[in-house]
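Take a look at the structure set out below.
Both ligands and their constituent atoms are indexed starting at 1 by order of listing. Keep in mind the model is a prediction, meaning the values are calculated, not measured.
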Amino acid sequence: MSDIPTHLNLQGQSFLKESDYTQEDLNRLIDMAIDLKQQKQDGEPHNYLQNKNIALIFEKSSTRTRAAFTVAANDLGANVEYLNKNDLQLGQKESIRDTALVLGRLFDGIAYRGFAHTNVETLAKYGGIPVWNGLTNEWHPTQSLADFMTIKEHFNTLEDLTVTYLGDGRNNVARSLMIAAAILGVNIRICAPTALQPDTETIELARQFAEQHDSEVSIMTDPHSAVKQADVLYTDVLVSMGEEEHFEERLDMLQAYQVNDELLQATGKNDTIFLHCLPAFHNTETTYGQEIAQKYGIEEMEVTDQVFYSDSSKVFDQAENRLHTIKAVILATMG
Ligand code: CP
Ligand code: NVA
């Protein structure tokens with residue numbers, strides 16, 4: 001087993017949102033994830049966290065985040081306990097504060113996916129152990145770390161790059177991507193209809209980081225202008241978990257923002273990559289996709305099947321990198 005690759009000391013800290021971290025911290029977490037990926041590929045054991053216990057509290061569904069936390073913990077030698085909303089009293093018969101006070105006595109770390117961001121903050125405040133945000137309504141920081149790891153692996157750098165996000169610009173993924181980009185010095189364009197643009201406070205925060213790190217934050221409405229010379233096109237679902245009732249109005253507002261081959265060509269570059277946090281709705285191979293096709297006659301939503309499975313698409317590298325980045329976060333904060 002090689003030396004623990006923690007070249008940064010975040011021991012005991014929680015990972016709740018990108019703006020709590022510096023550019024150096026985020027870059028080092030990304031580099032640590034790249035090291036850990038190599039160690040795993042080489043079959044080099046890295047079970048530095050034996051006898052540690054991690055709770056995974058998930059109030060919303062998940063494939064990648066849950067699986068990535070589980071495999072990351074197992075690779076590090078730690079045990080995990082998965083607790084979904086039906087297993088816990090959380091917020092119903094026991095406050096989040098009391099739950100944190102109890103779980104903090106039993107576990108060494110908690111991953112939380114849920115609704116209001118204040119819930120994860122309360123867990124972190126009273127748990128006394130590192131708490132990792134596995135997605136809240138407001139932020140998805142373990143996602144943005146994997147996004148920029150994927151971008152760095154692909155382009156070998158994060159310098160002089162432009163990322164264009166198209167779609168619901170107010171959601172967790174867009175907000176996290178925007179703030180992480182600004183901290184990392186990557187130009188970010190959020191392209192969305194006016195009603196779905198990020199709130200002014202978050203835009204202002206992103207602009208402050210961008211000023212410090214010599215990058216640009218642009219909020220745009222026209223997809224064709226927004227993708228010009230972009231290195232990365234990124235999109236997410238039309239409606240996030242918990243917002244399903246808004247589907248019809250979103251479809252109306254976001255159809256023009258679909259990432260399709262024509263938009264990919266409109267970048268004017270031949271090496272633009274496509275990213276998506278997943279799950280994505282790009283065909284009718286899901287019951288959800290079939291229901292939408294029957295009801296609205298639409299078979300592809302935020303991205304076409306062609307772009308999704310094209311050589312430009314790096315979505316499965318990005319999904320794999322959830323594992324390595326989450327492992328780096330666990331190790332750096334709990335190691
Ligand atoms: N991208 C992401 O968070 O995926 P899951 O919802 O499957 O965890
Ligand atoms: N914005 C999406 C991301 C899913 C990973 C949601 O919150 O449902």
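Close approach of ligand 2 to Leu278 (heavy-atom distance below 4.0 Å) involves ligand atoms 5 (C). Listed by atom number, the atoms of ligand 2 under 4.0 Å from Leu135 heavy atoms are 3 (C), 4 (C), 5 (C), 7 (O). Counting the atoms of ligand 1 from 1 in the order shown, those under 4.0 Å from a heavy atom of Thr63 are 5 (P), 7 (O), 8 (O). Near His140, meaning under 4.0 Å from any of its heavy atoms, are these atoms of ligand 1: 2 (C), 3 (O). Near Cys277, with a cut-off below 4.0 Å to any heavy atom, the atoms of ligand 1 are 1 (N). The ligand atoms of ligand 2 that sit less than 4.0 angstrom from a heavy atom of Asn171 are 1 (N).
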Throw together a table of side-chain donor-acceptor distances under 3.5 angstrom for residues 237-250, partners on residues two or more places apart or in other chains.
{"residue": "Glu243", "atom": "OE1", "partner": "Ser240", "partner atom": "N", "Å": "3.4"}
{"residue": "Glu243", "atom": "OE1", "partner": "Arg250", "partner atom": "NH1", "Å": "3.1"}
{"residue": "Glu243", "atom": "OE1", "partner": "Arg250", "partner atom": "NH2", "Å": "3.4"}
{"residue": "Glu243", "atom": "OE2", "partner": "Arg170", "partner atom": "NH2", "Å": "3.4"}
{"residue": "Glu244", "atom": "OE1", "partner": "Gly242", "partner atom": "N", "Å": "2.9"}
{"residue": "Glu244", "atom": "OE2", "partner": "Gly242", "partner atom": "N", "Å": "3.3"}
{"residue": "Glu248", "atom": "OE1", "partner": "Tyr296", "partner atom": "OH", "Å": "3.1"}
{"residue": "Arg250", "atom": "NH1", "partner": "Leu238", "partner atom": "O", "Å": "2.9"}

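Ring pair Phe316/Phe308 is perpendicular by interplanar angle, where above 60° counts as perpendicular and below 30° as parallel.
Of the listed options Lys60, Arg66, Arg113, Arg113 places a heavy atom closest to atom 6 (O) of ligand 1. Comparing Asn137, Thr136, Asp236 against atom 2 (C) of ligand 2, the shortest heavy-atom distance belongs to Asp236.
Side chain of Arg322 to main chain of Ala67: no donor-acceptor pair is present (N/O by atom type, distance under 3.5 Å, no hydrogens or angles). In this structure a side-chain-to-backbone donor-acceptor pair under 3.5 Å is missing from Ser14 to Leu16. Checking side-chain atoms of Gln197 against main-chain N and O of Gly169 turns up no donor-acceptor pair under 3.5 Å.
The side chain to side chain donor-acceptor pair (under 3.5 Å) search around Trp132 returns Thr333, not counting sequence neighbours.
Backbone and side-chain nitrogen or oxygen atoms of Met241 are examined, and none is located within less than 3.5 angstrom of a nitrogen or oxygen of ligand 1. Considering backbone and side-chain atoms together, Met241 places an N or O closer than 3.5 Å to an N or O of ligand 2. Note: an N/O pair closer than 3.5 Å links Ser240 and ligand 2 by distance alone.
For the pair Leu166/Val227, a side-chain contact is recorded, criterion being any heavy-atom separation below 4.5 Å from C-beta on.
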Working for side chain to side chain donor-acceptor pair (under 3.5 Å), residues Asp25 and Thr22: CA-CA 5 Å; Asp25 293 335; Thr22 64; 3.2 Å; yes

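Ligand 1 lies within reach of Leu278, whose nearest heavy atom is under 4.0 Å from it.
Asp147 and Thr150 share no donor-acceptor pair across their side chains, judged by distance under 3.5 Å alone.
Counting non-hydrogen atoms of neighbouring residues, nucleotides and ligands closer than 6.0 angstrom, the CG atom of Asp98 exceeds 12 such neighbours.
Ranking the protein heavy atoms by distance from atom 2 (C) of ligand 1 puts Arg322 NH1, 3.2 Å first. The protein heavy atom nearest to atom 7 (O) of ligand 2 is Asn172 ND2, 2.8 Å. Closest to atom 4 (O) of ligand 1 among all protein heavy atoms lies Arg64 NE, 2.9 Å.
The residue Asp168 has no part lying near ligand 2, judged by heavy-atom distances below 4.0 Å.
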